[in-house]
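Below: one structure, written as structure tokens.
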Amino acid sequence: MLVRILGSAAGGGFPQWNCNCNGCQSTRAGDMNAQERTQSSLAVRANNGSWFLVNASPDVRQQLERLRDEVPNSIRSSPIAGVLLSDGEIDHTAGLMILREADEPLQIYGTDAVKQGLTEGFSVLRVLKNYCGVNWINIEPGSKVNLSNNDNLGLEVEAFSLPSKAPKYMRSSSPVEGNWVVGFTFRDRDTGGVVTYAPALAELSNSILERLENSDCILVDGTFWQDNELLALGTSTRTARAMGHLPLSGDDGSLIPLSKLSCKRKIFTHINNTNPILIANSTEHKIVEAAGMEVAYDGLSIEL
Ligand code: MLT
Ligand code: MN
Ligand code: ZN
């Protein structure tokens, strides 16, 4: 299985268009330690099969160029066979609009709740109906979906439940109680490789920790360093936890329990531009590395 991080920043990217925090300013100044990053997305494939996009970020157009490693034999071709959505947040779904030029209906995998959000709130599914069309494939926690043409080999994905939080755009409606947020575990049935992806971890329950421990590679929520990160900067009134993201630091942060896991690769992704781990020579970045974990960057490829 090959996993390629297409975008390692959280919503807004790095730098974010209207942000003048230390990190964003360092990036603009060309600081080599503050590498630019696009918004949250990755691609996965097994056995040289088709790529699947996991979350469609607003930066999807440039991100998909990273998957064009085959010589085309026709005037039009899509580098992806489908899109999996871990939630309905704008940073994970705005890119669907960019994919409207597709020749075939988009194959989109997501929960019923996310489908409702993308129909009634941020109504991209309604819009796409009149462009490429959409073939929605329901995937709820516990269900396993075969992503390859072969029934026994190739790539399989399992969605798992995470604390639910409906996107802001659903606040004015009455959203169904449902699975607004899931994580994905990918299994390569040829190599046995297991990768778990969870860009929005609000807590680390025993069942989630067990799932992570049983993965060869984890790609997890690296959004905020501190719980009050945005409050301290005066850019939000909400804590990291209130936004559904467990911060890394502190006795009850994610870094301590994650550092104890024995997975081969442990990687933070979906990193907000205010998080100092984005600065390669920062104390916080060094703390993450000393804990045996990695900070994702765009283009990072992992083979398992
Ligand atoms: C999140 O990661 O919590 C969302 O992307 C936040 C947002 O875009 O409002
Ligand atoms: Mn996000
Ligand atoms: Zn910033």
Side-chain angles (χ1 to χ4, degrees), residues 1 3-5 7-10 14 21-23 26-27 31-37 40 42 54 86 160 162-163 181 183-186 193-233 239-304:
M1 165 167 41
V3 177
R4 195 167 291 169
I5 303 269
S8 50
F14 187 52
C21 73
N22 279 339
S26 304
T27 312
D31 181 345
M32 294 302 287
N33 286 306
Q35 232 181 76
E36 279 193 19
R37 283 168 167 85
S40 182
L42 56 87
V54 190
S86 64
F160 60 94
L162 288 172
V181 184
F184 293 120
T185 296
F186 296 95
V194 178
V195 174
T196 294
Y197 173 59
L201 276 176
E203 60 175 36
L204 282 171
S205 64
N206 287 337
S207 76
I208 292 170
L209 282 171
E210 194 183 325
R211 174 180 292 275
L212 297 175
E213 174 68 22
N214 290 326
S215 307
D216 300 301
C217 170
I218 59 172
L219 298 155
V220 290
D221 189 341
T223 314
F224 298 111
W225 179 253
Q226 294 190 80
D227 197 38
N228 71 345
E229 192 160 312
L230 297 185
L231 281 98
L233 290 169
T239 61
R241 284 187 173 80
M243 294 175 73
H245 299 289
L246 194 58
L248 274 62
S249 68
D251 291 343
D252 48 0
S254 62
L255 188 59
I256 293 173
L258 292 176
S259 67
K260 292 179 183 153
L261 301 176
S262 60
C263 327
K264 282 188 209 129
R265 306 275 303 262
K266 297 182 284 186
I267 304 170
F268 284 116
T269 193
H270 188 278
I271 308 162
N272 197 56
N273 53 73
T274 53
N275 189 335
I277 67 169
L278 285 175
I279 313 295
N281 60 353
S282 69
T283 309
E284 293 83 356
H285 187 104
K286 288 174 188 157
I287 291 173
V288 166
E289 287 186 339
M293 297 201 51
E294 300 172 56
V295 177
Y297 54 88
D298 293 15
L300 173 62
S301 284
I302 302 131
E303 194 165 358
L304 285 164

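We number each residue from 1, following the sequence as shown. Keep in mind that what you see is a predicted model, and the values were worked out from it rather than measured.
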Is it the case that the side chain of Ser215 and the backbone of Ile218 share a donor-acceptor pair, with hydrogens and angles ignored and the cut-off at 3.5 Å? no
First locate atom OG1 of Thr185, then atom CG of Asn214, and finally report the distance between them rounded to the nearest 0.5 Å. 9.5 Å
Donor-acceptor check, side chain of Lys266 to backbone of Ser259, threshold 3.5 angstrom: yes or no? yes
Output for pair (Asn33 CG, Ser26 OG), nearest 0.5 Å, gives 9.0 Å
Do side-chain atoms of Thr269 reach the backbone of Val220 as a donor and acceptor pair under 3.5 angstrom? no
Report the C-alpha distance between Ser8 and Asp298 in whole Å, list the side-chain angles of each, state the deciding distance to 0.1 Å, and finish with yes or no for side-chain hydrogen bond (donor to acceptor under 3.5 Å, both in side chains). CA-CA 6 Å; Ser8 50; Asp298 293 15; 2.7 Å; yes
Looking at Asn275 and Ile271, would you say the former's side chain and the latter's main chain have a donor-acceptor pair under 3.5 Å? no
Could you go step by step and tell me if Arg241 and Asp227 meet the salt bridge (Lys or Arg N to Asp or Glu O under 4.0 Å) rule? CA-CA 6 Å; Arg241 284 187 173 80; Asp227 197 38; 3.5 Å; yes
For a 4.5 angstrom cut-off between non-hydrogen side-chain atoms, does Val288 reach Trp225? yes
Flag the pair Asp216 / Val195 as yes when at least one side-chain heavy-atom distance between them is below 4.5 Å, and no otherwise. no
Are the side chain of Thr223 and the backbone N or O of His270 linked by a donor-acceptor pair below 3.5 Å? yes
Glu213-Ser262 side chain donor-acceptor pair, cut-off 3.5 Å: yes
Do the side chains of Arg211 and Val194 get nearer than 4.5 Å, heavy atoms only? no
Any side-chain to backbone donor/acceptor pair from Ser86 onto Gly183? Under 3.5 Å, distance only. no
Just do the side chain to side chain contact (heavy atoms under 4.5 Å, CB included) check on Glu294 and Phe268 with the steps written out, would you? CA-CA 6 Å; Glu294 300 172 56; Phe268 284 116; over 6 Å; no
Report yes if the side chains of Met293 and Leu255 come closer than 4.5 Å at any heavy-atom pair, otherwise no. yes
Does some side-chain heavy atom of Arg37 sit less than 4.5 Å from a side-chain heavy atom of Leu278? yes
Under the side chain to side chain contact (heavy atoms under 4.5 Å, CB included) criterion, do Phe224 and Leu230 qualify, and how do the steps go? CA-CA 9 Å; Phe224 298 111; Leu230 297 185; 3.7 Å; yes
Can you confirm whether Leu201 sits close enough to His245 that some side-chain heavy atom of one is under 4.5 Å from a side-chain heavy atom of the other? no
When rounded to the nearest 0.5 angstrom, what distance separates CG in Asn273 from CG in Asn22? 11.0 Å
Qualifying residue for side-chain contact (heavy atoms from CB on, under 4.5 Å) with Cys217, from Leu212, Thr196, Ile302, Val3: Ile302
Nearest 0.5 Å, please: how far is CD1 in Ile5 from CG in Leu42? 5.5 Å
Evaluate side chain to side chain contact (heavy atoms under 4.5 Å, CB included) for Leu300 paired with Arg265, printing each intermediate quantity in order. CA-CA 12 Å; Leu300 173 62; Arg265 306 275 303 262; 3.9 Å; yes
Below 4.5 Å, heavy atoms only, C-beta onward: do Val54 and Phe184 meet side chain to side chain? yes
To the closest 0.5 Å, what do you measure between CZ (Arg4) and CD (Glu303)? 10.0 Å
Glu36 versus Thr27, closest heavy-atom pair with distance: CG-CG2, 3.3 Å
Verify, without hydrogens or angle tests, whether Glu229 (side chain) and Gln226 (backbone) share a donor-acceptor contact under 3.5 angstrom. yes
Looking at every heavy atom in both Gly244 and Asp221, which two are closest together, and how far apart are they? O-OD2, 4.0 Å
